[in-house]
Amino acid sequence: MRVIGLHADVLVATSRIWQTTCTIVRSAGSRSGGSTRPGTSECFVIDSPVLPDELELLPAVLERAGFRCSGLLATHADWDHLLGRLAFAGAALGVAETTAARLTAEPGTAARQLRAFDDEHYVDRSAPLSLGQLQSLPVPGHCEIGESELELHPADGHTADGMAIWIPWARVLICGDYVSPVEVPMISSGGSRDGYLATLRRLEPLVEAAAYVVPGHGEVLEGARAAAILREDVNYLAKLPDAELPIARRGEPQHAIHAANVQRVRAGT
Ligand SMILES: [Zn+2]
């Protein structure tokens, strides 16, 4: 697992599986000498790495940086982003209302899919996944963190649910499964091309204002590179079912995602 610092208050850990990202953010000015009053500092862990050793290491990563987890957030309900509780047992998980609805409608799905992944890859995990207490957040909206606020923006289209998170004081956008340098747009079950395009249009001004964009999968992007990928993705989606894959994303798994996209668009979603 790779861990990099984007800002004094923002760290990103990247999983060895699917380059799934996990962003750790603490309230503005939490470091000593900052303006925050003692006792008002908070820290959220957004999404999660996938492998057991990575999850086991996560509390030590926070501790070494002087961060203390006060809660979990997830960008959407796909299981590979929901594993924070395996690192921070007992922490509450905050999600968009749309994600809470999906998790409530499909109880046990994330845990079952995690088990299937572990079975397929012979991964040993000491405890099963339990999502615990869900906190449903209004989106668009804000989420308080210490004396600061995170901005929450709707991000559906990949799936039926989701949110992107903007950290205003660090100019960092955590966008969930959009604007990925390693994965073409994936229209999953519950998602749609129109929804995906609307989300990209919504994210565009944030991407343009961002110092860094953290995609759900793949390395952290500087704003200008993320804007170029966003334009590629708009172009790809607009041209479906006849679209060509972007040059840097043409491996076999991308062709499989593309074939599924073509089928969904032909079927009218
Ligand atoms: Zn994902």
Side-chain angles (χ1 to χ4, degrees), residues 17-21 46-48 50 72-85 93-117 120 129-131 134-141 152-165 173-180 182-204 214-218 229-230 233-234 236-241 243 245 249 253-269:
I17 293 289
W18 301 317
Q19 299 189 39
T20 309
T21 59
I46 305 167
D47 289 351
S48 62
V50 174
L72 307 170
L73 295 172
T75 55
H76 61 298
D78 283 355
W79 71 267
D80 53 319
H81 301 265
L82 289 177
L83 309 182
R85 292 251 310 181
L93 173 62
V95 293
E97 282 167 341
T98 49
T99 298
R102 198 179 138 200
L103 290 170
T104 312
E106 320 168 345
T109 296
R112 200 168 49 245
Q113 289 174 334
L114 171 64
R115 247 187 345 262
F117 170 87
E120 186 183 343
L129 176 65
S130 138
L131 295 179
L134 279 186
Q135 222 163 335
S136 169
L137 305 168
V139 178
L152 311 178
H153 297 268
D156 58 302
H158 160 56
T159 53
D161 66 303
M163 63 178 175
I165 299 168
L173 177 68
I174 296 122
C175 58
D177 283 1
Y178 300 88
V179 197
S180 167
V182 293
E183 195 172 83
V184 291
M186 185 196 290
I187 306 167
S188 297
S189 151
S192 71
R193 177 197 5 210
D194 289 352
Y196 204 119
L197 280 166
T199 288
L200 290 180
R201 276 193 286 272
R202 214 175 296 124
L203 294 181
E204 194 169 17
V214 185
H217 302 275
I229 292 174
L230 187 145
D233 287 356
V234 167
Y236 167 79
L237 288 161
K239 289 190 176 150
L240 276 177
L245 290 176
R249 291 174 282 171
Q254 303 313 304
H255 276 99
I257 294 169
H258 174 63
N261 288 340
V262 167
Q263 222 167 33
R264 272 187 205 283
V265 167
R266 289 217 167 107
T269 57

Residue pair [X] / [Y]: nearest heavy atoms and the distance that separates them:
{"X": "Ala110", "Y": "Leu82", "result": "CB-CD1, 3.7 Å"}
{"X": "Gly84", "Y": "Ser48", "result": "N-CB, 3.6 Å"}
{"X": "Ile257", "Y": "Pro185", "result": "CG2-O, 3.8 Å"}
{"X": "His258", "Y": "Tyr236", "result": "ND1-OH, 2.7 Å"}

Tell me, do [X] and [Y] make a side-chain contact under 4.5 Å, heavy atoms counted?
{"X": "Pro138", "Y": "Glu97", "answer": "yes"}
{"X": "Leu152", "Y": "Ile165", "answer": "yes"}
{"X": "Trp18", "Y": "Glu183", "answer": "no"}
{"X": "Ile187", "Y": "Val265", "answer": "yes"}

How long is the gap from [atom1] on [X] to [atom2] on [Y], to the nearest 0.5 Å?
{"X": "Leu240", "Y": "Asn261", "atom1": "CG", "atom2": "CG", "answer": "5.5 Å"}
{"X": "Thr98", "Y": "Leu103", "atom1": "OG1", "atom2": "CG", "answer": "9.5 Å"}
{"X": "Leu230", "Y": "Glu204", "atom1": "CG", "atom2": "CD", "answer": "5.5 Å"}
{"X": "His217", "Y": "Thr21", "atom1": "NE2", "atom2": "OG1", "answer": "7.5 Å"}
{"X": "His153", "Y": "Thr75", "atom1": "NE2", "atom2": "OG1", "answer": "14.0 Å"}
{"X": "Leu134", "Y": "Thr104", "atom1": "CG", "atom2": "OG1", "answer": "6.0 Å"}

Check: When the ring planes of Phe117 and Trp79 are compared, do they come out parallel, tilted or perpendicular, using 30° and 60° as the limits?
Finding: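 Correct class here is tilted.
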
Note to self: Please verify the inter-ring angle class for His81 with His76; under 30° counts as parallel, over 60° as perpendicular, anything in between as tilted.
What the structure shows: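 The rings of His81 and His76 sit tilted, inter-plane angle from 30° to 60°.
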
Next item on the list: Evaluate the side chain to side chain contact (heavy atoms under 4.5 Å, CB included) criterion for residues Asp78 and His158: first the C-alpha distance (whole Å), next the side-chain angles of each, then the deciding distance (0.1 Å), finally the verdict.
Entry: CA-CA 10 Å; Asp78 283 355; His158 160 56; 3.0 Å; yes

Would you find a donor on one side and an acceptor on the other, under 3.5 Å apart, between the side chain of [X] and the backbone of [Y]?
{"X": "Asp80", "Y": "Val50", "answer": "no"}
{"X": "Ser180", "Y": "Asp177", "answer": "no"}
{"X": "Ser188", "Y": "Gly191", "answer": "no"}
{"X": "Gln254", "Y": "Arg249", "answer": "no"}
{"X": "Tyr178", "Y": "Ala155", "answer": "yes"}
{"X": "Arg193", "Y": "Leu237", "answer": "yes"}

Margin query: Can you see whether Asp161 engages Thr99 through a side-chain donor-acceptor pair at a distance of less than 3.5 angstrom?
Written below: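 A donor-acceptor contact under 3.5 Å links the two side chains.
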
Notebook entry, point to check: For residues Arg202 and Thr199, is any side-chain donor paired with an opposing acceptor at under 3.5 Å?
Noted result: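 The answer is yes; a qualifying pair exists.
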
Check: Which is it for Leu137 and Leu73 under the side chain to side chain contact (heavy atoms under 4.5 Å, CB included) test, yes or no, and what are the steps along the way?
Finding: CA-CA 10 Å; Leu137 305 168; Leu73 295 172; 3.8 Å; yes

Next item on the list: Please check if atom CD in Gln263 has more than 12 non-hydrogen atoms from other residues, nucleotides or ligands closer than 6.0 Å.
Entry: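 No.
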
